[in-house]
Colleague: 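Below you will find the structure I want to go over with you.
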2 protein chains.
Amino acid sequence: MKIPPKKESVAAWAHLFRVYKTLLEQSEQELKRADLPPLSWYDVLLEVHDAPGQRIRQFELGQKVLLPKYNLSRLLDRLQNEALLNREACPEDRRGAVITLTPGGRRLLKRMWAVYGGTIRERFEARLTERDLVSLERTLAKLLD
Amino acid sequence: MKIPPKKESVAAWAHLFRVYKTLLEQSEQELKRADLPPLSWYDVLLEVHDAPGQRIRQFELGQKVLLPKYNLSRLLDRLQNEALLNREACPEDRRGAVITLTPGGRRLLKRMWAVYGGTIRERFEARLTERDLVSLERTLAKLLD
DNA sequence: AGTCGCTGGTTGTAATTGCAACCAGATTGA
DNA sequence: TCAATCTGGTTGCAATTACAACCAGCGACT
């Protein structure tokens, strides 16, 4: 390599990965303990819920949740099988699909938030000061463009 | 939920996940473009390399790389198949395995770092100031205990 | 209209991950 | 010493993810 990264960069990077993994694992674990589905289900339910009119094109959803399309396609299959969402044909683009929530989907979203939100509070918020939160946010934002 | 987390916590948490995912994906992608194996291979090679005497018990390795044992077991199978590392019997504990690198493993480690280090520099270090790095590090450390 | 390239979405199949059960060796403790 | 329990590691099998190929509809250009 021409120019290797500085020691502190590598350390921060490694910490970032480590924090992510442990936080994710704790979240998944607490969801499972409550007999709830994995976090990815929550992500898509939430994204649909927050979309204007609670409707969203599948490819937009894919961008939001950062999942490749082939992956999202099957994830939606599973959610649909559990009657948590619908796929409607899109009138403007006959290739496309529009995703909407079912009442069951909305209910599950709430139930998952009860657990997931708790994890965020205890494992994340509780360990940081206001200042930490703000500066963390600002720094992370820089990394997203 | 009794007490929901604050808005800023949720936002920071979401950003953390997002940053992780994009960073990881970019890293994997650049490795693949260079015809190199996935990041997880690098992680274990590095951890073995950095261990005292370049030898490490399998279960310790598992803790370092944050992988469940059944997962690590098969990952090591793959690396061993490529002659990147050895599993020796552990003299002190006859159940245990000790992992060491082969010359090929050390070579691959280097080749992967050439690519991976570059990604860290360009996608991470380059976007942050010294100050950012330090405060990020400090904040993330709080989240790990 | 007719062709060409691009985009949204699905699917077959292989690779990886997750779970639970298992085995063998260590440790504890009566 | 012997059982009971725990720990390090592997394995069978199911679920998920990755890759590549595909299909149909859109847009642009002729």
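Side chains included, hydrogens not; waters and symmetry mates left out as well; all remaining heavy atoms used. Here is how names work: the chains are called A, B, and so on, in the same order as the sequence lines, proteins then strands, and each is numbered from 1.
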Colleague: Phosphate oxygens OP1/OP2 of D:dG27: is one of them under 4.0 Å from a side-chain N or O of A:R94?
Modeller: no
Colleague: Map A:K69 and A:P38 onto DNA chain D by nearest heavy atom, then report which one ends up closer to the 5' terminus.
Modeller: A:P38
Colleague: Would you indicate which nucleotide in C:dA20, C:dA26, D:dG9 comes nearest to any side-chain atom of B:F59?
Modeller: D:dG9
Colleague: Considering only D:dT10, C:dG9, C:dT7, which nucleotide approaches the side chain of B:Q58 most closely?
Modeller: D:dT10
Colleague: Give the intermediate values and the outcome of side-chain contact (heavy atoms from CB on, under 4.5 Å) for residues A:I99 and A:N86.
Modeller: CA-CA 6 Å; A:I99 314 296; A:N86 307 112; over 6 Å; no
Colleague: Quickly work out the A:E88 CD to C:dG8 C1' distance and round it to whole Å.
Modeller: 17 Å
Colleague: In terms of relative ring orientation, are B:F17 and A:Y20 parallel, tilted or perpendicular, with 30° and 60° separating the classes?
Modeller: perpendicular
Colleague: Is the phosphate of C:dA15 approached by B:R78 (side-chain N or O, under 4.0 Å from OP1 or OP2)?
Modeller: no
Colleague: Can you tell which of C:dT11, D:dT17, D:dG9 lies closest to the side chain of B:A97?
Modeller: D:dG9
Colleague: In whole Å, what is the span from the CZ atom of B:R87 to the P atom of D:dG8?
Modeller: 16 Å
Colleague: Which nucleotide wins on minimum distance to the side chain of B:R95, given the candidates C:dA26, C:dG8, C:dT11?
Modeller: C:dA26
Colleague: Could you state the CD1-C1' distance from A:I56 to C:dG8, rounded to the nearest angstrom?
Modeller: 14 Å
Colleague: What does B:D77 touch in the nucleic acid at a heavy-atom separation under 4.0 angstrom: a base, only the sugar-phosphate, or nothing?
Modeller: nothing
Colleague: Measure from CD on B:Q63 to C1' on D:dT7 and round the result to the nearest Å.
Modeller: 12 Å
Colleague: Check B:S9 against A:L133 and note the closest heavy-atom contact, atom names and distance.
Modeller: OG-CD1, 3.5 Å
Colleague: Could you check how far CG of B:D93 sits from P of D:dG8, rounded to whole Å?
Modeller: 8 Å
Colleague: Would A:K6 and B:E130 pass as an ion pair if we require N to O under 4.0 Å?
Modeller: yes
Colleague: Whole Å only: how far is the CG atom of B:L79 from the P atom of C:dT16?
Modeller: 11 Å
Colleague: Take atom CG of B:L39 and atom C1' of C:dT16, then tell me their distance rounded to the nearest Å.
Modeller: 15 Å
Colleague: Ignoring hydrogens and angles, answer whether the base of C:dT13 and the side-chain atoms of A:R74 contain a donor-acceptor pair closer than 3.5 Å.
Modeller: yes
Colleague: Tell me which of B:W41 and A:L76 sits closer to the 5' end of DNA chain C, going by the nucleotide each one is nearest to.
Modeller: A:L76
Colleague: What orientation do B:W113 and B:Y42 show, parallel under 30°, tilted 30 to 60°, or perpendicular over 60°?
Modeller: parallel
Colleague: When the distance from CG of B:L75 to P of D:dT10 is rounded to whole Å, what number comes out?
Modeller: 12 Å
Colleague: With respect to the side chain of B:N71, which nucleotide from D:dT17, C:dT17, C:dG9 is positioned closest?
Modeller: C:dT17
